[in-house]
Amino acid sequence: MRSYTRFAAVFALAASLTLTTNRTTFSHAVLVSAEPAPNSTIGTSPKQIKLVFSEALQDVGHSITLLDEKKNKVEIGKPMLDPQDKTKKTLIAEVPVKLALGSYTVEWKNLATDGHSEKGSFKFTLTEMTEMTLKFAFKAGREPVACGKEIKNLGARRTTAQIMDARMYISNIRLIGPSGQVPFELTPDGKWQTDRVALLDFEDGSAMCKETGNADLRDVIVGKAPAGRYTGIIFDVGIPFELNHADVAVEAAPLNIQALWWNWQTGYKFVRIDLATNSAPPNDKWFIHLGSTGCGGKMGHGSDPHGMANKPPEKPCNNPNVFTVRLNRFDPSKDLIVADLAGLLTNVNIAQSTPKPAGCMSGVDDPDCRRLIPNFGLSLANGQCVNGCRGQRFFRVEAAAKS
Amino acid sequence: MINLLEPPARAVLYIALMVMVGLPIGLYGVVLPIFHRHGISGQLILGTARRIQAIAALAMLAGATAFFIAQVVPLELEFGSLAEWVEFTRRSLLGQMWIARLVLGLIALAALKLVMSPTAGLVACASAGLAAQTTITLTGHSAAMGEGWMPVAADFAHLLAGALWGGGLVILWVAVHHVARSRTPQSAEMVRALIRRFSPFGIAGVALVAGTGVALSSLHVADADALRNSDYGRLILLKALLAVGAVAFAALHKFATQQQLKSHADVRRFSRTLLAELALVIGVFFGAALLSSTAPAHQYVTHQMPDGSTHTMPITDPDFQRALRIVALATLAVGAIACALEWRARLKTSSEVKV
């Protein structure tokens with residue numbers, strides 16, 4: 001009998017240890033995405049509300065309510081499963097009326113296949129959008145940089161060089177206004193911009209840019225933002241993770257440029273600036289290729305330590321190397337955003353390159369990256385922004401010349 | 001937040017189905033052959049089994065209705081008329097499954113009451129139970145994932161194996177209790193034979209429960225942290241702890257009690273420890289009911305998109321999930337080998353007995 005009592009005591013102790021201490025709360029069918037998206041600012045009245053959940057839903061038992069700023073109900077259709085979604089995770093409700101400008105709240109309640117219900121709400125804003133063009137320039141200090149033009153006094157050794165390539169991807173643009181940040185909606189054009197990513201191209205394929213470049217130039221980003229007065233801008237230089245690991249051969253422009261792509265796992269080169277210096281070979285080339293690294297298995301382990309496999313990575317890359325630029329005192333209607341090569345190469349010795357490859361290819365153990373990567377505002381060790389990337393020296397605002 | 005009405009309703013439903021499905025298998029696979037071999041009529045135990053099945057079928061009707069109410073009440077449906085309620089019941093999976101369970105429960109009751117042959121009645125009842133287990137699987141967390149038939153099949157196998165183990169234990173206990181009360185001189189030998197014959201069923205049930213349980217955990221728990229820090233993860237651990245306790249009793253019965261069973265007093269003592277094992281298995285079913293009422297430990301991360309909006313994505317630890325799947329496969333493989341060895345040993349013993 002004593003042994004049973006001991007068994008019961010040990011069991012009770014184990015059970016109490018299992019059930020006590022801190023815990024995290026989880027939900028059943030979670031809202032994964034929506035159209036209009038939560039917290040989004042949109043320019044046109046939606047024709048339907050579409051909610052995508054993490055679990056399959058029952059045919060009935062759901063509700064979607066649309067409320068305007070004064071909490072009045074807006075008449076919308078009955079929620080139903082989206083017939084297009086075979087997994088039964090999507091609810092849709094028609095919006096038969098054209099919504100007035102303003103802020104709206106979507107309240108939802110679902111009923112999952114497992115019989116459990118969740119509810120929640122989110123807001124979106126319908127606003128008037130105006131077209132804007134953000135202007136960029138590529139310079140070294142005050143001097144414009146172009147193919148075939150020598151640039152003097154670059155880097156720690158005041159080296160003379162000229163560009164062989166100069167392109168970069170920009171994403172996640174927000175304008176800073178009196179009421180905070182607002183999204184800058186990219187206008188897809190089938191060549192330079194998708195709705196998520198824009199390409200800036202400062203080489204024209206002439207002189208030494210012939211090898212990898214082409215004739216087209218692009219120094220603007222076109223999009224829409226809510227009408228208003230803005231005093232600053234925030235953007236990312238790089239491609240979001242979910243778009244970065246695609247097949248360049250089948251992607252739409254501008255994500256179809258082979259010269260700006262490493263491989264499926266590592267993804268794109270967010271910034272590519274190739275320099276030909278006046279140093280003697282083998283130090284006559286200095287390449288700046290910024291992109292995600294550590295996207296394979298665990299570094300140094302497994303069958304794919306360098307992320308060369310023809311499949312997207314299973315986990316986010318160890319070093320994302322996407323950097324955020326925040327520029328204050330910027331008026332999008334007048335000012336210029338300058339990508340300053342001289343600033344980027346501050347304290348970087350481009351007169352020599354040790355060891356191979358020539359220049360910095362974003363490798364954490366490449367000595368050439370040691371001085372360069374911090375100039376993007378990034379940590380070389382983990383590819384994350386240091387202090388919000390405030391230390392970046394690449395981008396600055398150049399105020400429009402007073403007429 | 002767990003709906004307080006749901007776990008007890010689910011538990012009643014699960015335990016009723018465990019009995020409806022597992023008891024006939026244990027009765028015809030284990031108990032009756034031993035009774036026949038020892039020249040004891042099976043009529044009495046068949047009658048008891050029928051009564052237990054009838055109670056289980058009634059419990060299933062009550063559990064299914066309580067479960068339906070428990071799931072509908074939190075929905076706060078604002079229906080103005082009876083027609084709207086009927087429409088909801090007709091079109092929702094909740095309502096459809098409730099109706100299906102009611103029909104199956106009534107079929108089981110009718111079969112037990114009206115069919116003259118006890119075997120036919122019990123088989124009909126077990127079939128109704130099996131069909132009702134399918135309705136549980138179709139409205140479980142695995143079905144809600146919307147990821148195809150594999151998780152649903154694993155869920156079904158998990159429930160079935162639990163029924164095989166738990167329902168088998170119920171009829172084994174009834175048989176041992178019956179033997180203990182009958183005070184026949186061969187009671188100890190009979191109980192030893194019962195334990196020996198039950199072993200392959202028990203091992204198969206435990207291995208399948210454990211293997212599919214670990215595999216299902218890999219689907220519903222994002223990572224090791226979620227296993228420790230979520231209600232869902234902790235309930236899995238609690239359920240595993242109860243199962244380990246029951247397995248400890250089973251091992252005690254197989255490796256110690258079976259050899260030591262010599263007298264009638266040993267049989268009575270075994271009857272008590274068998275009841276303790278059964279109590280722990282029923283505890284596992286309560287754990288399962290709580291688990292099915294709790295949100296799975298899926299982790300999500302919310303990204304801010306370029307337009308300022310937010311988008312939520314699931315995140316999992318593939319290494320953790322891979323490890324769990326390997327453990328699940330290993331458990332199933334070890335269980336299959338142990339079951340085969342046990343079966344072979346049983347066949348050897350029975351051929352020696354015949355000689």
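These numbers come from the heavy atoms of this one structure, side chains and all, not from hydrogens, waters or symmetry mates. Lettering follows sequence order; numbering is per chain, from 1.
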(Q) Just checking A:K88: does its NZ atom have more than 12 heavy atoms from other residues, nucleotides or ligands closer to it than 6.0 angstrom? (A)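 Open: at most 12 neighbouring heavy atoms sit under 6.0 Å from NZ of A:K88.
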(Q) Need one label for A:K119: side chain, backbone, both or neither, based on atoms under 4.5 Å from any heavy atom in chain B. (A)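 Side chain only.
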Q: Against chain B, label A:V30 side chain, backbone, both or neither, depending on which of its atoms sit under 4.5 Å from a heavy atom there.
A: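 Just its side chain gets close to chain B.
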Q: Indicate yes or no: does B:E147 engage A:K89 in a salt bridge with an N to O separation below 4.0 Å.
A: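 Salt bridge present between B:E147 and A:K89.
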Look up atom [atom1] in [X] and atom [atom2] in [Y], then write down how far apart they are to the nearest 0.5 Å.
X	Y	atom1	atom2	value
B:L94	A:T113	CG	OG1	9.5 Å
A:K315	B:D319	NZ	CG	4.5 Å
B:S142	A:E55	OG	CD	10.0 Å
B:L93	A:D114	CG	CG	10.0 Å
A:K109	B:E76	NZ	CD	5.5 Å

**Q.** Interface residue of largest heavy-atom contact number with chain B, from A:L111, A:D236, A:L31, under 4.5 Å
**A.**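 Of the candidates given, the most pairs with chain B belong to A:L111.
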Q.
If the condition is side chain to side chain donor-acceptor pair (under 3.5 Å), which residues does A:Q58 pass it with, not counting sequence neighbours?
A.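 In terms of side chain to side chain donor-acceptor pair (under 3.5 Å), with neighbours along the sequence ignored, A:Q58 is linked to no residue.
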Q) For chain A, which residues from residues 84-92 of chain B lie under 4.5 Å away (heavy-atom distances)? A)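 Counting heavy atoms that sit under 4.5 Å from chain A, the residues of residues 84-92 of chain B involved are B:F88, B:R91, B:S92.
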